[in-house]
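See below for the structure under consideration.
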Amino acid sequence: MTASALAQDDLAAVIGLEVHIQLETDTKIFCGCSTTAEADESPNSRTCPVCLGLPGALPVINEEAVRAAVKVGKALSAEIPEQTQFHRKNYYYPDLPKNFQITQYDAPICADGYLEIDVADRSREITVRRAHLEEDPGSLQHEGGNIETADYTLVNYNRAGTPLMEIVTEPDFRSPQETRAFLNKLEEVLEYLGVFDATRDGSLRIDANISIVPENEFEQDETIPDDVLAAANRTEVKNISSHKGAEQALAYEVTRQKNAVRRDRTIEQETRHWDEARGITVSMRSKEEEKDYRYFPEADLPPLAVRDWQSEIEIPELPAARRERFQREYHLDAESAAKLTSRKAVADFYETVADQFDPGFAATWVADTLLGELNYRDLSVDAIASRRDDFLSVIELVDAGEITAKNAEEVVLREMLDTGADPTRVIEKNDLGTADTDEVAAAVDSVIAENEDAVEDYHAGEDGALNFLIGQVMQKTGGSADPDIVNQQLREALSWVAHSPP
Ligand code: ADP
Ligand code: ZN
Ligand code: MG
């Protein structure tokens, strides 16, 4: 059967990712220069002979970076070898001051781990082939245009030597959606470990390898024979910097490659560039091969014995385990448990609230109300975590029936977040104390007196009449009454009102 005889549906996408993440350390991976960019720092100000690659300068490994890498390895259930080794990867490019990059080759710090993802009610295990440490190059700044049209190009080595970890998966993904699920999951884990800051500019860079394979080449267990994978021409899409970008770039490539196969065109084995603005991938160059890099051991860094670190370095409870525990321990449904555990700071915050209140009540307040208000303002949970006691005092008042949930959210919480106001002041200023029983009773009486028609409708069994009357009472009490109490008092009062004869 020729490729063109295959319907588009008989072709499957095969995808593998190489994810570069910036490890959160104070200093660069082989020198003492800071990793934190100052607001208006000048180019090449955060540099020294080591990260500038000056002759004779010697690298020293940053222990913090190695520890972070071991944490990632443990979280991925990877093997940490007895010894790990650094290599030089040789290539010439102006952002690389030594003309080689210090990276890892055949003895990476982590090998053979995995991460489980859930897509469309299916759980799949994605194998992480390896994860290694390396240094980031500097950055180029094209003046007056892009790489092809610029008048001249400047180079800034402030980024050079920033610690990166490259996480390489097996070609286990079968759809762009799966890669997005993986990246989300990975980011959750990294955030829990405290080794990664997603908000840092350029902290995530993704290369995606993709090929198209006829579905009849798949084995029964849905794996694909190695020789088929090796024979498939693939493209490597570079320059992806977000989860959404990965999904979009790959969706584009899947269509492009499937169309090529259907038209009997060969897919060039090449590196392509993801043009985010145009939403397309464009050919960059033919792919380098490993031999082009002339890897050899970095003699300035001795092999590092890391096996013992594995047991010594501890990692926190990870998102999946915490999700499960939240469901078990606090009887939350899967959706709330997922919402509350996707960020560690949110999960920690929830647990302090659940310690003091009913866990279900706490979940409603944190997962629905608070996260909703924070998302709307593009704020992180840090905005409230530092004011935990204020938040607790607000829901305490709701719990005690002293202010309504509606007022607590729409007036107090919102003002706290918008202006930083103190909740007690907001409550006083807006006179939000719940209406007392007498006030509600008076409002109920006058609403009944003023709305004869609705009262009649109520007795005639008309749906909606009661809600209308409740609304009237709420209005009279300025929203400060508890709707449940109004409901109850109103029905009681109505039962005493005589029916007018028909
Ligand atoms: P290279 O030597 O070209 O860098 P590797 O074997 O190191 O290739 O794999 C690099 C990435 O390419 C990995 O993420 C891997 O999963 C992926 N990959 C390998 N074969 C395929 C394929 N047939 N289709 C898609 N991705 C693939
Ligand atoms: Zn330096
Ligand atoms: Mg490779």
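Atoms within each ligand, like the ligands themselves, are counted from 1 in listed order.
- In this structure, the salt bridge (charged side-chain N to carboxylate O under 4.0 Å, His left out) partners of Glu373, at least two apart in sequence or on a different chain, are Arg377, Arg414.
- When atom types are taken as modelled, the side chain of Asn44 and the backbone of Val155 share a donor-acceptor pair closer than 3.5 angstrom.
- Residues satisfying the side-chain hydrogen bond (donor to acceptor under 3.5 Å, both in side chains) test with Asp112, not counting sequence neighbours, are none.
- At a heavy-atom cutoff of 4.0 Å, ligand 1 is contacted by no atom of Val213, backbone or side chain.
- The distance criterion of under 3.5 Å between nitrogen or oxygen atoms is not met by Glu18 with respect to ligand 1.
- At a 3.5 angstrom cut-off on N or O pairs, Pro171 counts as close to ligand 1.
- The backbone and the side chain of Val14 each have at least one atom closer than 4.0 Å to an atom of ligand 1 (non-hydrogen atoms only).
- With salt bridges taken as basic N to acidic carboxylate O contacts below 4.0 Å, none links Asp118 and Arg124.
- Atom NZ of Lys74 has more than 12 heavy atoms from other residues, nucleotides or ligands within 6.0 Å.
- For ligand 1, the atoms sitting less than 4.0 Å from at least one non-hydrogen atom of Thr169 are 13 (C), 14 (O), 15 (C), 16 (O), numbered in the order shown with element in parentheses.
- In summary, the atoms of ligand 1 found under 4.0 Å from a heavy atom of Leu229, numbered by their order in the structure, are 23 (N).
- The closest approach between a heavy atom of Glu236 and any atom of ligand 1 is not below 4.0 Å.
- Salt bridge status for Lys185 with Glu188: absent, with no side-chain N to carboxylate O gap under 4.0 Å.
- Atoms of ligand 1 lying under 4.0 Å from at least one heavy atom of Leu17, given by number and element, are 14 (O).
- If you count the protein N, O or S atoms nearer to the Zn ion (ligand 2) than 2.8 Å, you get 4.
- Interface of Glu170 with ligand 1, defined as ligand atoms under 4.0 Å from a residue heavy atom, comprises 16 (O).
- Ion pairing between Arg307 and Glu79 fails under the 4.0 Å rule for side-chain N and carboxylate O.
- A cation-pi arrangement is not found for Arg88 relative to Phe296, the charged atom failing to lie both closer than 6.0 Å to the ring centre and inside a 45° cone about the ring normal.
- Summarising the contacts of atom 12 (O) of ligand 1 with Thr235, Asn209, Ile224, Asp207, the nearest heavy atom is found in Asn209.
- The ring-ring contact (aromatic ring centres under 6.0 Å, His included) contacts involving residues 207-264 comprise nothing, where partners must be two or more places apart or lie in separate chains.
- Between Asp348 and Arg322 there is a salt bridge, since at least one side-chain N of the basic residue sits less than 4.0 Å from a carboxylate O of the acidic one.
- Those atoms of ligand 1 with a heavy atom of Val168 less than 4.0 angstrom away are 13 (C), 14 (O).
- Arg323 contributes atom CZ, which lies 11.0 Å from atom CD of Glu317 (distance to the nearest 0.5 angstrom).
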